[in-house]
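Below is one structure, written out as structure tokens; comments come after it.
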Amino acid sequence: MKKVAVILTMTAIMTACNQGGKSPKVNVCIGQQDVQIENRHETPEVLWAFGRTGNVAVSPDGRQVAYTVTYYSISENKSNSDIYVMDSDGKNKKQLTRTAQKEGSLAWLPSGKAIAFLREGKLCNIDPVSGNETQISDMKEAIDGFLYSPQEDRIMLAISTKVEKCSASDIYEDLDKSNVLIYDDLMYRHWDTWKDGNYSHIYIADIQEGKITSAADIMPGEPYHAPGKPFGGMEETAWTPDGKTVVYTCKKLKGRDWAFSTNTDLYAYNTETGETKLITPCLPGYDKNPQFSPDGTKLLWSSMKRAGFEADKERMLIMDFPSCTNIRDVSESLDASPSSIAWAADGNSLFLTAPFQEAHQIFKLDLTDNTFTRLTEGIHDYQGVQPAGDALIATRTTYVNPAEIYRINPVDGQGKDISQVNAGLLSKIDIPVQEKRFIKTTDGKDMVTWVIYPPNFDATEKYPLLLICTGGPQGVLGPSFSYRWNYMLMASQGYVVVIPARRGTSGSGQEWNDAISKNHGEQEERDLLSAIDAICKEPWADKDRVGATGASYGGYSIFHLAGAHKGRFKAFLAHCGIFNMEFMYTTTEEMFFEQWETGGAPWEKANAAAQRSYSHSPHLLIKNWDTPIMIVHGERDFRVPYSQGMAAFNSARMNGIEARLLIFPTETHWVLGPQNAIAWQREFFAWFDKYLKNK
């Protein structure tokens with residue numbers, strides 16, 4: 001892999017923040033790094049120089065767009081985000097903040113007079129014209145999220161609140177220096193954090209003379225999270241247009257019951273009476289993301305029908321409000337789950353994104369007859385659609401283009417990049433070509449398979465191949481842009497990257513999605529092999545230089561393929577993969593996931609579905625391993641505990657297999673630190689280059 005020289009000085013964007021009522025501190029902020037690029041060649045360092053477009057908020061009148069851009073410093077091993085604003089056609093771009101802190105959670109005030117945002121747990125408003133800031137929260141508690149009432153006289157706040165005693169220092173006053181956690185039930189840890197007795201709670205506060213006053217917890221003493229942790233945000237809450245009621249999402253279960261259930265519900269809290277009412281009592285799956293129609297007479301939300309199945313279809317349900325009656329599914333004709341939904345101004349239609357052939361496109365739903373119209377097409381992923389007058393605003397990615405903000409014409413579906421955060425840097429490197437293919441599976445199905453070709457691809461040459469085994473096991477395999485599993489970067493190192501949407505991916509219909517549960521290591525593995533076998537028949541494919549890699553469930557696939565590939569692959573790499581399914585069942589945290597996917601516990605010997613699942617555990621195939629393998633794991637990964645990676649590595653070495661182990665003590669299911677990610681990418685390519693480029 002070629003190297004580049006990184007100039008560690010920042011561009012002129014790194015400036016001291018302004019004074020005179022604007023950004024309150026004088027700090028040096030991180031701007032876009034200058035990167036010297038050799039031979040128009042992309043490297044990990046170039047990848048980490050991209051600006052990352054983040055929060056996007058359209059003004060109430062649809063004329064302006066506020067957004068954040070995050071830049072990273074590899075040398076300082078950190079990042080910061082700043083706020084920008086532009087007209088909704090991309091003109092008159094302006095940077096509003098220049099600080100060393102991270103600004104985020106952007107939202108326009110309902111009046112459109114200011115942009116609200118969070119900085120280090122404090123809520124601020126900034127004037128989009130002058131850039132003048134006002135900090136409106138002085139409370140000692142950090143604010144994690146907020147939502148203004150339509151009248152701007154009240155505000156919803158998400159604040160971490162101590163509810164339970166979980167540590168020895170909480171329980172025993174004389175042991176204030178102890179470091180002990182004490183539990184009596186399941187869900188004592190989740191994703192990457194131990195339960196510490198703090199819960200995200202919804203508070204309602206008044207706003208007087210531009211300041212937050214009288215914040216009150218509407219869930220006092222409740223040991224539940226709202227919004228949900230760790231991924232839920234204020235999209236899980238909503239105000240009624242009259243500002244008298246808030247609706248929020250919450251899973252009001254504890255311990256073992258929580259661990260085995262996906263039953264989140266919607267609750268309505270009356271701000272005048274203080275009464276809380278459960279409004280989705282008979283729906284056993286996920287119910288979340290409430291949104292009121294413009295006139296407040298209807299409540300829309302996402303709902304999964306099947307209890308315990310986190311990858312069920314997300315239905316779009318609507319009920320009459322405030323009666324909370326006449327619930328109906330308006331999405332029956334859509335064989336996909338929407339990922340963002342927005343009401344049209346007239347309340348008669350909705351705009352949304354949903355996968356079509358494994359790529360998120362923008363749809364319109366006409367509520368008069370519940371018909372869907374797909375507005376866009378192409379090899380790209382649209383997310384976060386928002387109306388902006390007679391246009392739509394959304395972010396768009398491809399496998400070879402980072403997220404940018406697009407203005408979309410809803411009549412012809414044409415989109416225009418209006419942010420162009422990375423246009424300059426992209427012009428300096430050679431861009432790989434992405435292609436969508438349909439490959440026949442062993443049971444005669446047409447499977448979407450993405451192929452990314454190296455820059456300046458020459459069909460008369462021979463190329464090494466990388467098979468990507470996707471995680472999940474469910475999830476849309478759309479052309480999104482990742483800053484670690486970056487297929488553009490892989491192709492730029494000279495590999496043809498093959499990404500099959502094998503059985504279980506969610507962008508090819510619910511039947512395709514459901515096919516993997518309780519059938520691991522079977523048809524979906526045959527799908528993976530069908531894809532790589534088909535590509536190996538191409539005259540430019542070097543079938544003697546083929547590697548395979550994957551993370552999470554993709555790591556399971558790698559461990560399983562290592563014992564069943566029959567010589568197809570010359571090297572493997574598994575990240576945070578499942579090696580021993582029985583041990584996974586008893587050590588993961590969200591038990592509903594393993595319960596649904598395997599069909600039951602390993603000790604249920606009479607449970608045929610469960611025993612079939614465990615019979616496909618990769619550790620049972622270790623006697624067949626014969627191929628070099630790299631294993632990567634984060635020590636703070638509680639979803640797939642790092643002992644899975646250790647067991648796989650130890651088993652490989654005890655059986656004489658060439659292996660390499662990367663352990664990240666501070667990382668989780670992902671690798672998020674800049675320098676850790678650079679190390680990961682360098683090790684990734686060094687490993688595959690060793691076995692696939694040196695004949």
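Sequence positions, counted from 1, serve as the residue numbers for this chain. Nothing here was measured: the structure is a model prediction, and the numbers come from that model.
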Requested in this report: Please identify each residue that fulfils side-chain contact (heavy atoms from CB on, under 4.5 Å) with D514, with sequence neighbours left out.
Outcome: R306, F309, Q510
Query raised in the report: Are the aromatic ring centres of Y463 and W540 under 6.0 angstrom apart?
Result: no
Query raised in the report: Does the ring centre of Y556 sit less than 6.0 Å away from the ring centre of F559?
Result: no
Query raised in the report: Under the side-chain contact (heavy atoms from CB on, under 4.5 Å) test, which residues partner A610, sequence neighbours left out?
Result: N607, Y614
Query raised in the report: Any chance the side chains of H575 and W485 put a donor and an acceptor closer than 3.5 Å?
Result: no
Report task. Would you kindly say whether E590 and H190 are connected by a side-chain donor-acceptor distance under 3.5 Å? Result -> yes
Report summary line: The salt bridge (charged side-chain N to carboxylate O under 4.0 Å, His left out) partners of R503 (sequence neighbours excluded) come to D443, D527
Query raised in the report: Can you tell me if Q595 and Y585 form a side-chain donor-acceptor pair at under 3.5 Å?
Result: yes
Query raised in the report: Hey, are S613 and T598 close enough side-chain-wise for a donor-acceptor pair under 3.5 Å?
Result: no
Query raised in the report: What about the rings of W680 and F684, do their centers lie closer together than 6.0 Å?
Result: yes
Query raised in the report: What heavy-atom pair brings P44 and L489 nearest, and what distance separates the two atoms?
Result: N-CD1, 3.7 Å
Query raised in the report: In terms of the angle between their ring planes, are H565 and F569 parallel, tilted or perpendicular, with boundaries placed at 30° and 60°?
Result: tilted
Query raised in the report: Any chance the side chains of E358 and S508 put a donor and an acceptor closer than 3.5 Å?
Result: yes
Query - Over 12 non-hydrogen atoms of neighbours within 6.0 angstrom of CD in E377 - result: no
Query raised in the report: For the residue pair F649 and H633, is the inter-centroid distance of their aromatic rings smaller than 6.0 Å?
Result: no
For residues 658-665, please give each side-chain donor-acceptor pair under 3.5 Å, one per line with the distance, not counting sequence neighbours.
from	atom 1	to	atom 2	distance (Å)
E658	OE1	Y691	OH	2.7
R660	NE	E683	OE1	2.6
R660	NH2	E683	OE1	3.3
R660	NH2	E683	OE2	3.3

Query raised in the report: Taking atom types as modelled, is there a side-chain donor on Y483 or Q681 under 3.5 Å from an acceptor on the other?
Result: no
Query raised in the report: Which pairs count as side chain to side chain donor-acceptor pair (under 3.5 Å) when at least one residue sits in residues 428-438, sequence neighbours excluded?
Result: R40-D430, D430-N456, E435-R437, E435-Y453, R437-Y453, R437-E538
**Report entry** Geometric class of the H380/Y382 ring pair [parallel <30°, tilted 30-60°, perpendicular >60°]
**Finding:** perpendicular
**Report entry** S339 side chain to Q383 side chain, donor-acceptor N/O pair below 3.5 angstrom
**Finding:** yes
Query - Partner residues of Q644 under the side-chain hydrogen bond (donor to acceptor under 3.5 Å, both in side chains) criterion, sequence neighbours left out - result: none
Report task. Check the angle between the aromatic planes of Y188 and W194 and answer parallel, tilted or perpendicular using the 30° and 60° thresholds. Result -> parallel
Query raised in the report: More than 12 heavy atoms of other residues, nucleotides or ligands under 6.0 Å from NZ of K543: is that the case?
Result: no
Requested in this report: Check the angle between the aromatic planes of H669 and W191 and answer parallel, tilted or perpendicular using the 30° and 60° thresholds.
Outcome: perpendicular
Query raised in the report: Does K518 NZ have over 12 foreign heavy atoms under 6.0 Å away?
Result: yes
Query raised in the report: Is the distance between the ring centroids of Y487 and Y399 under 6.0 Å?
Result: yes
